[in-house]
Enquirer: 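Have a look at this one.
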Number of protein chains: 2
Amino acid sequence: MGSYELEEERILSWLKSRRATRVLIQAPDGIKPYLRDLCEVLAAAGIEAIVSGSHAWGGCDVAVREAVLVGADAVVHIGHHGPVRFRPPGNLLFIEGRAGVSIHGVVEIAAEKLVEKGVENVALLTTIQHLHELRHAKSLLSEHGINVFLARSSKPYMREGLITGCDVEAAKALESKVEAFLVVSGGVFHALGVGLITRKTVFAADPYTNRVLDIERNVRRVIAVRLNHLADALDAREALIVASTKPGQFSATRIRRVKAFLSSRGIKCKVAVFGDLDRGVLENLGSFDVYVNAACPRLAVDDYHIFPGPVINPGELRYLDEGLENYDPASALQW
Amino acid sequence: MGSYELEEERILSWLKSRRATRVLIQAPDGIKPYLRDLCEVLAAAGIEAIVSGSHAWGGCDVAVREAVLVGADAVVHIGHHGPVRFRPPGNLLFIEGRAGVSIHGVVEIAAEKLVEKGVENVALLTTIQHLHELRHAKSLLSEHGINVFLARSSKPYMREGLITGCDVEAAKALESKVEAFLVVSGGVFHALGVGLITRKTVFAADPYTNRVLDIERNVRRVIAVRLNHLADALDAREALIVASTKPGQFSATRIRRVKAFLSSRGIKCKVAVFGDLDRGVLENLGSFDVYVNAACPRLAVDDYHIFPGPVINPGELRYLDEGLENYDPASALQW
């Protein structure tokens, strides 16, 4: 599966410039096994490295509080592009975690597939792990006579061609210009986000497996589940609002908005906050008719099975009033 | 299984006196389903109640950082006796969570069993859920002609007759005075702590099932596992020091001490901190020859199966030098 560029020297000099003596290092699960060398480089320089064993799901999920608790002077967060929906403290460094695997092969395969399908205009998107190869991917596609479009999200820290699990604004901006989207990324998780907000064909190009997949079936499956949960939620009388303690996910305003909506429909509600969610921690609170997921919206899309009942996202609440006829899957990603 | 006394009125007046507008409520999993009435009482008084969905394993595991993150003015922690190994902030209230179940029946059964076994002197211990019945239990035992001894831990906030998962000092103090220990508590978890630090017979009296159990077999099983893990750890060359982000569990000094010991044996080590541990988050970090558990010591005693390799507690490290012949299970509970 290749390795990751962890920029040991850059981390070391940044820590030295801050005179840090203890650092908390955070990375997504897939990158964690590659942290050993970095820890040794830091130890050799007299800096105490503590790895955060917790999951790190995104730039919204930064262990700033954990760092305070363990007495770290600084936090190095590897594998995401930057802070999402929270003000980053000054002692936080983001390291991209560039993937060692080349995307050349899979983009060639994608180009042939696009030509074969008669796609002339494509929007190219990728994740932070492969963003350094965006220009190269664009050239490859152009060599096949494909017009490549790039855009960027308006959110801070987002760069051209970059998408995350919940920020697919760059895709939305290009919807009217292209016949298809090409998402270069491991798995289909990121491509699925694009599929939910656009009505165009979306190809997921996975550089780890060299497979290019039209994700239409995945999108349809998500929509079926969303409609199913919304239909079940129509009769709810008691709701649990599920919020997150992750710095970029908790929003008192969002909770208040959800509460007001539920109250207006006569639905009783209770609010609970969680770190990482699993079915067990949800079941501990007893049984509810519906769960309103005010944490990461992807939980309802990808991990709906961890909720002990129907789960709906804040952006989908309005369908309880409007009915499901005009359901737009983009609602699932609205906060 | 009965309910719990959550002292709604006391909580409400405390919150009002602090002019709190948003409170984070925390309770162990077993008490969580009983929080609905409390939430409604608070909501009716205009106080926004947010339940912490995270596990709450002890007075060391208080969601003080979580409370800051969700913007709560105050924290109500239900089900434990007080703060353990950290300085409590002023906006934190501990509520005992007295169990609604009576211990009368099971203590009667225990008294008969003690008389039958010829026990004349017994040390009586219980958990915070049943501590309000300690005097009653003592009287019942006395009526059967049994001498009842009580003691208290020297730790702050600990009360007479009270033990926790890791603080069984009250038991140790009475070892020379009694022939047996009687621990009134659900399950055998608390009794097992007593069994590990004493060489006397320990009876677990469970008021939920009305069963009284001699836990000798449970203690022997724990010792066998501890010896097994220590033996496997003798050849270790690379260790993961497992620390916790829970306020009363993280200790930089303990980590430094463990590191120094491992280094003196030529064992390479890396430090990682976790919130709640499971096998998955440990496996994410790759493979290690041994895990040194600098988090809650009970993890190695009760949940050793979540570690992907042999796990030893800081108090047990010395056996790697001394050999296992004189293993004292009390070491497992030493920090």
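Chain A is the first sequence line, chain B the second, and so forth, proteins listed ahead of strands; every chain is numbered from 1.
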Enquirer: Is it true that atom CZ of F261(A) has more than 12 heavy atoms of other residues, nucleotides or ligands lying nearer than 6.0 Å?
Expert: yes

Enquirer: Chain B contacts: which residues in residues 262-273 of chain A have a non-hydrogen atom closer than 4.5 Å to it?
Expert: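 K268(A), K270(A), V271(A), A272(A), V273(A) fall under the 4.5 Å cut-off.
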
Enquirer: Contact part of E40(A) toward chain B, heavy-atom cut-off under 4.5 Å: side chain, backbone, both or neither?
Expert: side chain

Enquirer: What residues form a side-chain hydrogen bond (donor to acceptor under 3.5 Å, both in side chains) with H77(A), not counting sequence neighbours?
Expert: Q26(A), H80(A)

Enquirer: Need one label for R22(A): side chain, backbone, both or neither, based on atoms under 4.5 Å from any heavy atom in chain B.
Expert: side chain

Enquirer: Before giving the answer on side chain to side chain contact (heavy atoms under 4.5 Å, CB included), spell out for I50(A) and F250(B) the whole-Å C-alpha distance, their side-chain angles and the decisive distance to 0.1 Å.
Expert: CA-CA 12 Å; I50(A) 299 181; F250(B) 181 82; 4.1 Å; yes

Enquirer: Is a salt bridge present between E238(B) and R36(A), judged by a nitrogen-to-oxygen distance below 4.0 Å?
Expert: yes

Enquirer: By side-chain hydrogen bond (donor to acceptor under 3.5 Å, both in side chains), which residues pair with T245(A), not counting sequence neighbours?
Expert: none

Enquirer: Where along residues 53-72 of chain A does a heavy atom come under 4.5 Å of chain B, listed by residue number?
Expert: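 At a heavy-atom separation under 4.5 Å, chain B is reached by G53(A), S54(A), H55(A), R65(A), E66(A), V68(A), L69(A), V70(A).
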
Enquirer: When only pairs under 4.5 Å are counted, which of L277(A), L240(A), D29(A) shares the most heavy-atom pairs with chain B?
Expert: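 Most heavy-atom pairs under 4.5 Å with chain B: D29(A).
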
Enquirer: In terms of heavy-atom proximity below 4.5 Å to chain B, should I31(A) be classed as side chain, backbone, both, or neither?
Expert: neither

Enquirer: Using non-hydrogen atoms only, which part of L35(B) is less than 4.5 Å away from chain A: side chain, backbone, both, or neither?
Expert: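 When you check distances to chain A, atoms from both the backbone and side chain of L35(B) fall under 4.5 Å.
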
